[in-house]
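Notes follow once the structure below has been shown.
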Amino acid sequence: MTTDTTTKDTAPGASAPGTTVLDARGVTMRFGGLTAVRDVDLTVSSGEIVGLIGPNGAGKTTFFNCLTGLYVPTEGEVRYKGKVLPPKSFKVTAAGIARTFQNIRLFANMTVLENVLVGRHTRTKEGFWSAVLRGPGFHKAEAASRERATELLEFVGLAAKADHLARNLPYGEQRKLEIARALASEPGLLLLDEPTAGMNPQETRAAEELIFAIRDQGTAVLVIEHDMRFIFNLCDRVAVLVQGQKLIEGDPATVQGDERVIAAYIGEPLENDPGAAEAAEVEAAEAAAEAEAEDEAATDAAPGKENDR
Ligand SMILES: Nc1ncnc2c1ncn2[C@@H]1O[C@H](COP(=O)(O)OP(=O)(O)OP(=O)(O)O)[C@@H](O)[C@H]1O
């Protein structure tokens, strides 16, 4: 299987290179007493890949949900191509923002091609149910949609599997199919939530190539990922969230070398960290267990000790 990354065509939703497509300002999201995202600013421009990283629970997915209409931010504003986003996810998709999810959400019993066709429903007069139920209106629009869907499957390297059921695809290909389905809505901004989760190194490399190709077609990309090597290799710019706040934003080399980022990832307790006492307790228990194991090993290795195995 190969990914056709040679095409340099411009994507239908693309803007001129360098145009700001996403402009999030002061985004704050509270759940009761918990502030999951606090006062985050972020822009993404056409032709750019931006990474959003941070330790578990840092607020990355919550921030994504604020960009896609799944959540309405408690405070702040999100603009797409200059317009404030509508507070409904299907309207956000229609406006031009598409996403994939941390947990793959395909129609497992539909074919690969049908999954992409469903992704086109925001771009056809026929709605979602028409695509699923194949009503009369569907057949009219089908030819054009089918052609575009086939192009997208070629683009992601799945054309040969168009008639396979989605559930029969290997994991890496299911992720590619999710991306093809997201691209079917002709986005100007693609949000990828952990696109390489569960992938082997080969699949990760293929995903990287695919995302570069998407960027090269003029689509802006914002990606959440825990695989640091992947993110620093892929992104033009990286923003780091820690405890809901943006710690730093910059080019990969700057972010990679920042001591605060390293501290956040290795779990160095922050000042007034409420979890610091528990972390110290766990650390002490681990050290004690390690010392005990070392003592046992030393006793076992002592000369004259009978080997009882
Ligand atoms: N719907 C919700 N209701 C209440 N709390 C929530 C909700 N969604 C997220 N949270 C909390 O907000 C915080 C941020 O969670 P979020 O999932 O955005 O982090 P994340 O950076 O995406 O984490 P991970 O890398 O583990 O996916 C966490 O403390 C989480 O428990």
Side-chain angles (χ1 to χ4, degrees), residues 22 24-42 44 49-78 85 87-90 92 97-105 171 174-175 178-179 182 189-199 204 207 211 221-235 237-250 252 255-256 258 260-279 282:
L22 178 77
R25 287 193 197 178
V27 172
T28 295
M29 186 72 210
R30 291 194 193 93
F31 299 108
L34 176 91
T35 305
V37 174
R38 188 189 298 269
D39 198 21
V40 173
D41 294 340
L42 191 75
V44 186
I49 304 174
V50 176
L52 187 62
I53 64 170
N56 288 325
K60 304 177 297 292
T61 298
T62 303
F63 183 67
F64 251 38
N65 289 343
C66 291
L67 305 182
T68 55
L70 226 51
Y71 296 153
V72 178
T74 319
E75 285 163 34
E77 198 174 72
V78 182
L85 279 185
K88 288 268 184 288
S89 46
F90 71 92
V92 170
I97 299 183
R99 75 174 291 178
T100 64
F101 292 86
Q102 214 168 319
N103 305 312
I104 292 176
R105 296 190 188 181
Y171 189 79
Q174 290 195 7
R175 286 230 172 258
E178 262 216 316
I179 292 177
L189 173 67
L190 178 64
L191 306 178
L192 301 170
D193 196 348
E194 298 194 25
T196 70
M199 283 188 175
T204 300
I211 298 167
V221 180
L222 178 61
V223 55
I224 294 177
E225 187 52 74
H226 282 290
D227 181 339
M228 290 301 126
R229 186 187 298 207
F230 172 80
I231 212 92
F232 289 130
N233 200 31
L234 181 80
C235 296
R237 196 150 49 83
V238 178
V240 185
L241 281 191
V242 177
Q243 295 178 358
Q245 286 177 280
K246 192 164 73 175
L247 181 71
I248 181 179
E249 179 183 340
V255 170
Q256 211 169 351
D258 191 285
R260 292 166 302 165
V261 177
I262 298 165
Y265 270 94
I266 61 173
E268 190 174 288
L270 297 171
E271 227 179 311
N272 301 326
D273 181 355
E278 287 87 342
V282 171

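None of these values were measured; they are calculated from a predicted model. Just follow the structure's listing: the first ligand is 1, and inside any ligand the first atom is 1.
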Among all protein heavy atoms, pick out the one at the shortest distance from [atom]; state its residue, atom name and that distance to 0.1 Å.
| atom | result |
| --- | --- |
| atom 5 (N) of ligand 1 | Phe31 CD1, 3.4 Å |
| atom 1 (N) of ligand 1 | Tyr71 OH, 3.3 Å |
| atom 27 (O) of ligand 1 | Gln102 NE2, 3.5 Å |
| atom 12 (O) of ligand 1 | Ala36 CB, 3.3 Å |
| atom 23 (O) of ligand 1 | Gly57 N, 2.8 Å |
| atom 11 (C) of ligand 1 | Leu34 CD2, 3.4 Å |
| atom 25 (O) of ligand 1 | Lys60 NZ, 2.8 Å |
| atom 17 (O) of ligand 1 | Thr61 CB, 4.0 Å |

Which of Leu52, Ile231, Thr100 passes side-chain contact (heavy atoms from CB on, under 4.5 Å) with Val223? Answer is Ile231
Quick one: does atom 31 (O) of ligand 1 have a protein heavy atom under 4.0 Å from it?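 When distances to the protein are checked, atom 31 (O) of ligand 1 has no heavy atom within 4.0 Å.
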Sub-4.5 Å side-chain heavy-atom contact between Thr68 and Phe64: no
When you measure from the heavy atoms of His226 to every atom of ligand 1, does any distance fall below 4.0 Å? yes
